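No experiment lies behind these values; they were computed from the predicted model shown.
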Amino acid sequence: MRTASRIDKIPPYLFASLDRKVSAARAKGVDVISFGVGDPDLPTPAHIVEAAAEAVRDPSTHQYPSYYGMKEFREAIARYYSRRFSVELDPDSQILPLIGSKEGIAHLATAFVDNGDTVLVSDPGYPVYAVTAIMAGGTPVSIPLQREKGFLPDFASIGGAAQGAKIMWLNFPGNPTGAVAGERTFSDAIDLAREHDLLVAHDAAYSEITFDGYSAPSVLQTDGALESAVEFGSLSKTFNMTGWRVGWVAGAEKAIEALGRVKTNIDSGIFNAIQRAGIAALDGPTKSLEDVLAVYARRRDALVSTLNSSGWDVKSPLGSIYLWAPLPEGETSGGYAEYLLEEAGIVVAPGAGYGEHGEGYIRFSLTVPDERLDEGLERLAKALASR
(Lines give C-alpha, C1' and ligand atoms only; values in the text may rest on other atoms or scores of the structure.)
Protein backbone atom coordinates (compact mmCIF):
# COMPACT_ATOMS: atom_id res chain seq x y z
CA MET A 1 0.00 0.00 0.00
CA ARG A 2 1.07 3.60 -0.51
CA THR A 3 0.63 6.35 2.04
CA ALA A 4 0.10 9.99 1.13
CA SER A 5 3.31 11.84 0.34
CA ARG A 6 2.54 14.37 3.07
CA ILE A 7 3.12 11.68 5.68
CA ASP A 8 6.78 11.52 4.68
CA LYS A 9 7.14 15.18 5.66
CA ILE A 10 5.72 14.71 9.16
CA PRO A 11 8.15 13.80 11.95
CA PRO A 12 7.09 11.50 14.79
CA TYR A 13 5.17 13.44 17.43
CA LEU A 14 7.60 14.54 20.12
CA PHE A 15 5.53 13.42 23.09
CA ALA A 16 4.76 10.03 21.53
CA SER A 17 8.52 9.53 21.21
CA LEU A 18 8.98 10.51 24.86
CA ASP A 19 6.35 7.97 25.90
CA ARG A 20 8.22 5.23 24.06
CA LYS A 21 11.51 6.13 25.73
CA VAL A 22 9.88 6.12 29.15
CA SER A 23 8.27 2.74 28.48
CA ALA A 24 11.58 1.28 27.28
CA ALA A 25 13.43 2.53 30.37
CA ARG A 26 10.78 1.19 32.73
CA ALA A 27 10.87 -2.16 30.95
CA LYS A 28 14.54 -2.32 31.92
CA GLY A 29 13.62 -1.73 35.55
CA VAL A 30 14.50 1.98 35.69
CA ASP A 31 12.51 4.01 38.24
CA VAL A 32 11.72 6.85 35.87
CA ILE A 33 10.76 10.32 37.04
CA SER A 34 9.28 12.26 34.15
CA PHE A 35 9.67 16.00 33.74
CA GLY A 36 8.62 15.49 30.13
CA VAL A 37 4.93 15.84 29.26
CA GLY A 38 2.94 18.72 30.75
CA ASP A 39 0.07 16.69 32.18
CA PRO A 40 -1.15 18.11 35.52
CA ASP A 41 -0.74 15.61 38.35
CA LEU A 42 -3.28 17.37 40.58
CA PRO A 43 -6.95 16.31 40.49
CA THR A 44 -9.79 18.13 38.79
CA PRO A 45 -11.54 20.30 41.43
CA ALA A 46 -14.35 18.48 43.22
CA HIS A 47 -17.15 20.87 42.23
CA ILE A 48 -16.37 20.23 38.55
CA VAL A 49 -16.35 16.45 39.02
CA GLU A 50 -19.66 16.64 40.90
CA ALA A 51 -21.24 18.70 38.12
CA ALA A 52 -20.10 16.12 35.57
CA ALA A 53 -21.37 13.20 37.64
CA GLU A 54 -24.78 14.79 37.97
CA ALA A 55 -24.87 15.50 34.24
CA VAL A 56 -23.86 11.94 33.32
CA ARG A 57 -26.87 10.63 35.28
CA ASP A 58 -29.16 12.89 33.23
CA PRO A 59 -30.39 10.87 30.20
CA SER A 60 -30.72 14.04 28.13
CA THR A 61 -26.92 14.22 27.91
CA HIS A 62 -26.61 10.76 26.35
CA GLN A 63 -27.56 11.71 22.80
CA TYR A 64 -25.50 13.33 20.07
CA PRO A 65 -24.28 16.75 21.19
CA SER A 66 -24.50 19.81 18.97
CA TYR A 67 -21.54 20.33 16.65
CA TYR A 68 -21.47 23.93 17.85
CA GLY A 69 -21.61 23.16 21.55
CA MET A 70 -24.29 23.83 24.13
CA LYS A 71 -25.51 27.40 24.09
CA GLU A 72 -25.09 27.47 27.88
CA PHE A 73 -21.41 26.52 27.53
CA ARG A 74 -20.80 29.15 24.86
CA GLU A 75 -22.44 31.70 27.12
CA ALA A 76 -20.18 30.64 30.02
CA ILE A 77 -17.14 31.19 27.78
CA ALA A 78 -18.48 34.62 26.85
CA ARG A 79 -18.93 35.48 30.53
CA TYR A 80 -15.33 34.40 31.19
CA TYR A 81 -14.03 36.75 28.49
CA SER A 82 -16.15 39.60 29.77
CA ARG A 83 -15.12 39.08 33.38
CA ARG A 84 -11.45 38.31 32.79
CA PHE A 85 -10.54 40.50 29.80
CA SER A 86 -13.45 42.97 29.41
CA VAL A 87 -14.03 41.51 25.94
CA GLU A 88 -17.63 41.11 24.83
CA LEU A 89 -18.26 38.16 22.50
CA ASP A 90 -21.34 36.91 20.70
CA PRO A 91 -21.81 33.31 21.93
CA ASP A 92 -23.50 32.34 18.65
CA SER A 93 -21.01 33.68 16.12
CA GLN A 94 -17.70 34.33 17.86
CA ILE A 95 -17.25 31.19 20.01
CA LEU A 96 -16.88 27.55 19.01
CA PRO A 97 -16.39 24.81 21.66
CA LEU A 98 -13.78 22.19 20.78
CA ILE A 99 -12.88 18.64 21.80
CA GLY A 100 -9.77 20.05 23.43
CA SER A 101 -8.10 23.10 21.91
CA LYS A 102 -5.67 20.87 19.98
CA GLU A 103 -8.55 19.78 17.76
CA GLY A 104 -9.20 23.33 16.58
CA ILE A 105 -5.49 24.15 16.33
CA ALA A 106 -5.03 21.14 14.07
CA HIS A 107 -8.04 21.94 11.89
CA LEU A 108 -7.37 25.65 11.41
CA ALA A 109 -4.90 25.06 8.59
CA THR A 110 -7.50 22.96 6.75
CA ALA A 111 -9.85 25.95 6.84
CA PHE A 112 -7.29 28.52 5.69
CA VAL A 113 -4.26 27.02 3.96
CA ASP A 114 -4.06 26.09 0.28
CA ASN A 115 -1.21 24.26 -1.43
CA GLY A 116 1.90 26.44 -1.39
CA ASP A 117 0.65 28.89 1.23
CA THR A 118 2.93 29.77 4.13
CA VAL A 119 2.15 29.70 7.84
CA LEU A 120 4.24 31.67 10.34
CA VAL A 121 5.03 29.55 13.39
CA SER A 122 6.76 30.34 16.66
CA ASP A 123 10.18 28.67 16.87
CA PRO A 124 10.65 27.18 19.40
CA GLY A 125 6.97 26.37 19.64
CA TYR A 126 4.30 23.72 19.97
CA PRO A 127 5.04 21.28 17.10
CA VAL A 128 1.41 21.02 15.99
CA TYR A 129 1.45 24.51 14.44
CA ALA A 130 4.02 23.49 11.84
CA VAL A 131 2.83 19.93 11.29
CA THR A 132 -0.76 20.91 10.49
CA ALA A 133 0.48 23.49 7.98
CA ILE A 134 2.33 20.67 6.19
CA MET A 135 -0.72 18.41 6.32
CA ALA A 136 -2.78 21.11 4.62
CA GLY A 137 -0.23 21.46 1.82
CA GLY A 138 1.36 24.59 3.18
CA THR A 139 4.85 25.50 4.30
CA PRO A 140 5.69 26.50 7.88
CA VAL A 141 8.03 29.48 8.17
CA SER A 142 9.76 30.04 11.50
CA ILE A 143 9.39 33.14 13.63
CA PRO A 144 12.61 32.87 15.67
CA LEU A 145 12.12 33.41 19.41
CA GLN A 146 15.42 34.39 21.01
CA ARG A 147 16.39 34.50 24.65
CA GLU A 148 17.91 37.97 24.45
CA LYS A 149 14.52 39.29 23.29
CA GLY A 150 12.56 37.51 25.98
CA PHE A 151 11.43 34.83 23.51
CA LEU A 152 9.09 37.38 21.94
CA PRO A 153 8.68 37.72 18.16
CA ASP A 154 10.54 40.52 16.40
CA PHE A 155 7.81 41.59 14.00
CA ALA A 156 10.06 44.10 12.26
CA SER A 157 12.34 41.26 11.14
CA ILE A 158 9.53 39.12 9.73
CA GLY A 159 9.35 41.38 6.68
CA GLY A 160 8.73 39.53 3.45
CA ALA A 161 7.92 36.27 5.24
CA ALA A 162 4.47 37.68 5.96
CA GLN A 163 3.79 38.20 2.27
CA GLY A 164 1.31 35.53 1.23
CA ALA A 165 1.14 33.98 4.68
CA LYS A 166 -2.32 32.83 5.75
CA ILE A 167 -1.84 32.32 9.50
CA MET A 168 0.57 33.58 12.15
CA TRP A 169 0.76 31.47 15.31
CA LEU A 170 1.45 32.99 18.72
CA ASN A 171 1.43 31.32 22.14
CA PHE A 172 1.71 33.22 25.43
CA PRO A 173 2.45 32.23 28.12
CA GLY A 174 4.61 30.12 25.88
CA ASN A 175 5.24 26.45 25.47
CA PRO A 176 8.09 25.55 25.77
CA THR A 177 9.72 28.85 26.74
CA GLY A 178 7.39 30.10 29.49
CA ALA A 179 7.67 33.57 27.89
CA VAL A 180 4.94 36.09 28.56
CA ALA A 181 3.70 38.90 26.35
CA GLY A 182 2.32 42.35 26.98
CA GLU A 183 -0.35 44.20 25.06
CA ARG A 184 2.30 45.73 22.76
CA THR A 185 3.17 42.31 21.36
CA PHE A 186 -0.44 41.68 20.44
CA SER A 187 -1.01 45.14 18.98
CA ASP A 188 2.07 44.72 16.75
CA ALA A 189 0.77 41.31 15.66
CA ILE A 190 -2.63 42.74 14.73
CA ASP A 191 -0.98 45.58 12.80
CA LEU A 192 0.98 42.99 10.80
CA ALA A 193 -2.18 40.99 10.20
CA ARG A 194 -3.97 44.02 8.82
CA GLU A 195 -1.05 44.91 6.57
CA HIS A 196 -0.77 41.42 5.06
CA ASP A 197 -4.35 40.16 5.34
CA LEU A 198 -3.49 37.17 7.51
CA LEU A 199 -5.08 35.56 10.54
CA VAL A 200 -3.44 35.80 13.95
CA ALA A 201 -4.02 32.57 15.87
CA HIS A 202 -3.20 32.78 19.57
CA ASP A 203 -2.90 29.61 21.62
CA ALA A 204 -3.84 30.73 25.15
CA ALA A 205 -3.82 27.32 26.85
CA TYR A 206 -1.71 28.70 29.73
CA SER A 207 -3.37 32.09 30.14
CA GLU A 208 -4.32 31.41 33.77
CA ILE A 209 -1.05 29.72 34.79
CA THR A 210 0.93 32.81 35.80
CA PHE A 211 3.12 33.83 38.74
CA ASP A 212 4.55 36.70 40.75
CA GLY A 213 1.64 39.07 40.13
CA TYR A 214 1.68 38.78 36.33
CA SER A 215 -1.70 38.51 34.59
CA ALA A 216 -1.73 37.40 30.96
CA PRO A 217 -3.68 39.53 28.46
CA SER A 218 -5.84 38.18 25.64
CA VAL A 219 -5.12 38.99 22.03
CA LEU A 220 -8.84 39.72 21.70
CA GLN A 221 -8.41 42.79 23.90
CA THR A 222 -6.46 44.43 21.07
CA ASP A 223 -8.17 46.95 18.79
CA GLY A 224 -9.09 45.22 15.54
CA ALA A 225 -8.49 41.70 16.87
CA LEU A 226 -12.10 40.63 16.48
CA GLU A 227 -11.71 41.12 12.72
CA SER A 228 -8.32 39.44 12.29
CA ALA A 229 -7.58 37.08 15.19
CA VAL A 230 -8.79 33.98 16.99
CA GLU A 231 -7.79 32.69 20.40
CA PHE A 232 -7.77 29.08 21.51
CA GLY A 233 -8.71 28.46 25.14
CA SER A 234 -8.58 25.31 27.20
CA LEU A 235 -9.72 24.00 30.56
CA SER A 236 -6.91 21.41 30.58
CA LYS A 237 -4.21 23.29 32.45
CA THR A 238 -6.35 25.79 34.36
CA PHE A 239 -8.56 23.15 35.98
CA ASN A 240 -6.43 19.98 35.64
CA MET A 241 -8.77 18.62 32.95
CA THR A 242 -6.40 17.29 30.29
CA GLY A 243 -8.26 14.00 29.99
CA TRP A 244 -11.67 15.64 29.68
CA ARG A 245 -10.88 17.12 26.24
CA VAL A 246 -12.72 20.42 26.33
CA GLY A 247 -11.72 23.82 25.01
CA TRP A 248 -12.82 26.50 22.55
CA VAL A 249 -11.83 29.01 19.92
CA ALA A 250 -13.09 32.59 20.02
CA GLY A 251 -12.69 35.67 17.87
CA ALA A 252 -13.19 36.70 14.24
CA GLU A 253 -16.56 35.52 12.93
CA LYS A 254 -15.23 34.54 9.50
CA ALA A 255 -12.60 32.30 11.04
CA ILE A 256 -15.06 30.76 13.52
CA GLU A 257 -17.50 29.98 10.70
CA ALA A 258 -14.78 28.43 8.52
CA LEU A 259 -13.42 26.29 11.35
CA GLY A 260 -16.96 25.27 12.22
CA ARG A 261 -17.49 24.05 8.67
CA VAL A 262 -14.42 21.85 8.93
CA LYS A 263 -15.45 20.56 12.33
CA THR A 264 -19.00 19.65 11.38
CA ASN A 265 -17.74 17.56 8.47
CA ILE A 266 -15.06 15.53 10.24
CA ASP A 267 -15.99 15.14 13.89
CA SER A 268 -18.75 15.66 16.45
CA GLY A 269 -19.50 17.85 19.42
CA ILE A 270 -18.38 17.51 23.03
CA PHE A 271 -20.27 15.14 25.33
CA ASN A 272 -22.88 17.39 26.94
CA ALA A 273 -22.04 16.19 30.46
CA ILE A 274 -18.48 17.44 29.97
CA GLN A 275 -19.79 20.77 28.72
CA ARG A 276 -21.85 21.10 31.89
CA ALA A 277 -18.68 20.43 33.84
CA GLY A 278 -17.03 23.16 31.77
CA ILE A 279 -19.73 25.59 32.81
CA ALA A 280 -19.11 24.70 36.46
CA ALA A 281 -15.39 25.31 35.93
CA LEU A 282 -15.74 28.70 34.25
CA ASP A 283 -18.48 30.01 36.56
CA GLY A 284 -17.23 28.40 39.76
CA PRO A 285 -14.88 29.44 42.58
CA THR A 286 -11.26 30.33 41.83
CA LYS A 287 -9.75 29.00 45.06
CA SER A 288 -8.67 25.74 43.40
CA LEU A 289 -6.68 27.65 40.78
CA GLU A 290 -4.98 29.74 43.44
CA ASP A 291 -3.93 26.53 45.21
CA VAL A 292 -2.60 25.02 41.98
CA LEU A 293 -0.57 28.13 41.19
CA ALA A 294 1.01 28.03 44.64
CA VAL A 295 2.08 24.42 44.03
CA TYR A 296 3.56 25.20 40.61
CA ALA A 297 5.37 28.28 41.93
CA ARG A 298 6.97 26.22 44.70
CA ARG A 299 8.07 23.54 42.23
CA ARG A 300 9.38 26.16 39.80
CA ASP A 301 11.48 27.79 42.50
CA ALA A 302 12.92 24.47 43.67
CA LEU A 303 13.87 23.47 40.13
CA VAL A 304 15.43 26.85 39.32
CA SER A 305 17.41 26.70 42.56
CA THR A 306 18.73 23.21 41.78
CA LEU A 307 19.83 24.16 38.27
CA ASN A 308 21.41 27.48 39.22
CA SER A 309 23.19 25.95 42.22
CA SER A 310 24.82 23.63 39.70
CA GLY A 311 26.16 26.53 37.66
CA TRP A 312 23.37 26.92 35.11
CA ASP A 313 21.75 30.23 34.18
CA VAL A 314 18.00 29.77 34.38
CA LYS A 315 15.42 32.52 34.93
CA SER A 316 12.10 31.88 36.67
CA PRO A 317 9.27 32.01 34.11
CA LEU A 318 6.23 34.17 34.79
CA GLY A 319 3.87 31.77 33.07
CA SER A 320 3.11 28.22 31.90
CA ILE A 321 3.96 24.93 33.60
CA TYR A 322 7.42 24.66 32.05
CA LEU A 323 11.00 25.62 32.67
CA TRP A 324 13.07 26.24 29.53
CA ALA A 325 16.69 25.67 30.40
CA PRO A 326 19.69 26.65 28.24
CA LEU A 327 22.30 23.91 28.09
CA PRO A 328 26.01 24.34 28.71
CA GLU A 329 27.85 25.35 25.55
CA GLY A 330 28.56 22.49 23.20
CA GLU A 331 25.76 20.25 24.46
CA THR A 332 22.89 19.09 22.24
CA SER A 333 19.37 18.79 23.54
CA GLY A 334 18.92 15.20 22.40
CA GLY A 335 22.25 14.15 23.84
CA TYR A 336 21.61 15.79 27.18
CA ALA A 337 18.12 14.30 27.42
CA GLU A 338 19.60 10.84 26.78
CA TYR A 339 22.25 11.44 29.44
CA LEU A 340 19.70 12.41 32.09
CA LEU A 341 17.56 9.38 31.29
CA GLU A 342 20.47 6.96 31.38
CA GLU A 343 22.34 8.42 34.35
CA ALA A 344 19.51 9.70 36.54
CA GLY A 345 16.30 8.05 35.33
CA ILE A 346 14.95 11.52 34.56
CA VAL A 347 12.94 12.35 31.45
CA VAL A 348 13.06 15.86 29.96
CA ALA A 349 11.93 17.13 26.57
CA PRO A 350 14.79 17.95 24.16
CA GLY A 351 14.50 21.47 22.80
CA ALA A 352 15.16 20.44 19.20
CA GLY A 353 11.70 18.87 19.17
CA TYR A 354 10.20 22.36 19.29
CA GLY A 355 11.97 23.66 16.21
CA GLU A 356 15.38 24.64 14.93
CA HIS A 357 15.71 27.44 17.47
CA GLY A 358 14.96 25.06 20.32
CA GLU A 359 18.31 23.34 19.97
CA GLY A 360 20.57 24.05 22.93
CA TYR A 361 17.71 23.87 25.45
CA ILE A 362 15.76 21.26 27.38
CA ARG A 363 12.26 21.63 28.80
CA PHE A 364 11.22 20.59 32.28
CA SER A 365 7.54 20.23 33.17
CA LEU A 366 6.38 21.24 36.64
CA THR A 367 3.71 18.52 36.72
CA VAL A 368 5.73 16.17 38.93
CA PRO A 369 4.14 15.12 42.24
CA ASP A 370 5.91 16.75 45.17
CA GLU A 371 7.23 13.52 46.66
CA ARG A 372 8.74 12.54 43.32
CA LEU A 373 9.96 16.06 42.63
CA ASP A 374 12.26 16.03 45.66
CA GLU A 375 13.86 12.77 44.59
CA GLY A 376 14.07 13.96 41.00
CA LEU A 377 15.89 17.11 42.03
CA GLU A 378 18.39 15.07 44.07
CA ARG A 379 19.09 12.87 41.08
CA LEU A 380 19.32 15.90 38.81
CA ALA A 381 21.86 17.66 41.05
CA LYS A 382 24.08 14.55 41.10
CA ALA A 383 23.85 14.14 37.32
CA LEU A 384 24.71 17.79 36.69
CA ALA A 385 27.66 17.59 39.04
CA SER A 386 29.14 14.61 37.20
CA ARG A 387 28.59 15.83 33.63
Side-chain angles (χ1 to χ4, degrees), residues 15 19 33-62 65 69-70 72-81 83-84 95-105 126 173 175 203-211 215-216 231-250 267-300 319-322 364-373:
F15 303 116
D19 281 347
I33 297 177
S34 180
F35 290 84
V37 180
D39 189 3
D41 59 296
L42 301 170
T44 303
H47 71 280
I48 299 173
V49 175
E50 289 165 7
E54 180 180 350
V56 168
R57 288 190 288 267
D58 180 354
S60 72
T61 68
H62 300 176
M70 295 174 63
E72 294 86 351
F73 184 44
R74 298 196 309 270
E75 289 173 342
I77 296 166
R79 287 193 296 273
Y80 159 74
Y81 268 92
R83 181 176 65 248
R84 174 71 169 80
I95 296 173
L96 178 66
L98 301 167
I99 307 173
S101 60
K102 183 179 179 181
E103 174 224 319
I105 290 169
Y126 186 39
N175 173 21
D203 180 1
Y206 304 93
S207 65
E208 307 311 301
I209 310 299
T210 58
F211 311 108
S215 180
E231 186 163 80
F232 291 86
S234 173
L235 301 182
S236 290
K237 306 307 193 295
T238 305
F239 298 105
N240 306 325
M241 295 175 70
T242 50
W244 299 64
R245 308 316 305 143
V246 56
W248 66 83
V249 60
D267 68 24
S268 300
I270 308 163
F271 181 28
N272 282 337
I274 290 179
Q275 292 188 71
R276 288 193 190 176
I279 295 169
L282 290 170
D283 287 343
T286 61
K287 180 62 167 58
S288 61
L289 176 59
E290 294 168 6
D291 293 342
V292 166
L293 293 181
V295 170
Y296 285 149
R298 185 174 67 251
R299 294 174 181 176
R300 176 201 64 171
S320 84
I321 55 174
Y322 307 112
F364 293 85
S365 171
L366 302 177
T367 58
V368 182
D370 290 346
E371 63 275 11
R372 296 292 279 166
L373 179 74

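- Within a 6.0 Å radius of CD in E54, no more than 12 heavy atoms belonging to other residues, nucleotides or ligands are found.
- Within the cation-pi definition used here (under 6.0 Å to the ring centroid, within 45° of the axis), R300 qualifies as a partner of F211.
- Between V246 and I99, the closest side-chain pair of non-hydrogen atoms is not below 4.5 Å.
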### Task
Carefully, step by step, assess N175 and S320 under the rule side chain to side chain donor-acceptor pair (under 3.5 Å).
CA-CA 7 Å; N175 173 21; S320 84; over 6 Å; no

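- Side-chain contact between L373 and L366 is absent, with no heavy atoms from C-beta onward closer than 4.5 Å.
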### Test log, rule side chain to side chain contact (heavy atoms under 4.5 Å, CB included), inputs M241 and I48
CA-CA 10 Å; M241 295 175 70; I48 299 173; 3.9 Å; yes

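- Between W248 and Y80, the ring-plane angle classifies as perpendicular under the 30° and 60° cut-offs.
- Side-chain contact between S34 and V368: absent, with no pair of heavy atoms (C-beta onward) separated by less than 4.5 Å.
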### Message
Please determine whether side chain to side chain contact (heavy atoms under 4.5 Å, CB included) holds for the pair V292 and F239, giving the CA-CA distance in whole Å, both sets of side-chain angles, and the decisive distance to 0.1 Å.
### Response
CA-CA 9 Å; V292 166; F239 298 105; over 6 Å; no

### Residues K102, D203; criterion salt bridge (charged side-chain N to carboxylate O under 4.0 Å, His left out); working and verdict
CA-CA 9 Å; K102 183 179 179 181; D203 180 1; over 6 Å; no

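- Each of Y206, F35, Y126 was scored for a ring-ring contact (aromatic ring centres under 6.0 Å, His included) with Y322, with one residue passing: Y206.
- Residues R276 and D58 are in side-chain contact: their nearest non-hydrogen atoms beyond the backbone lie under 4.5 Å apart.
- By the 4.0 Å N-to-carboxylate-O rule, R298 lies close enough to D370 to be salt-bridged with it.
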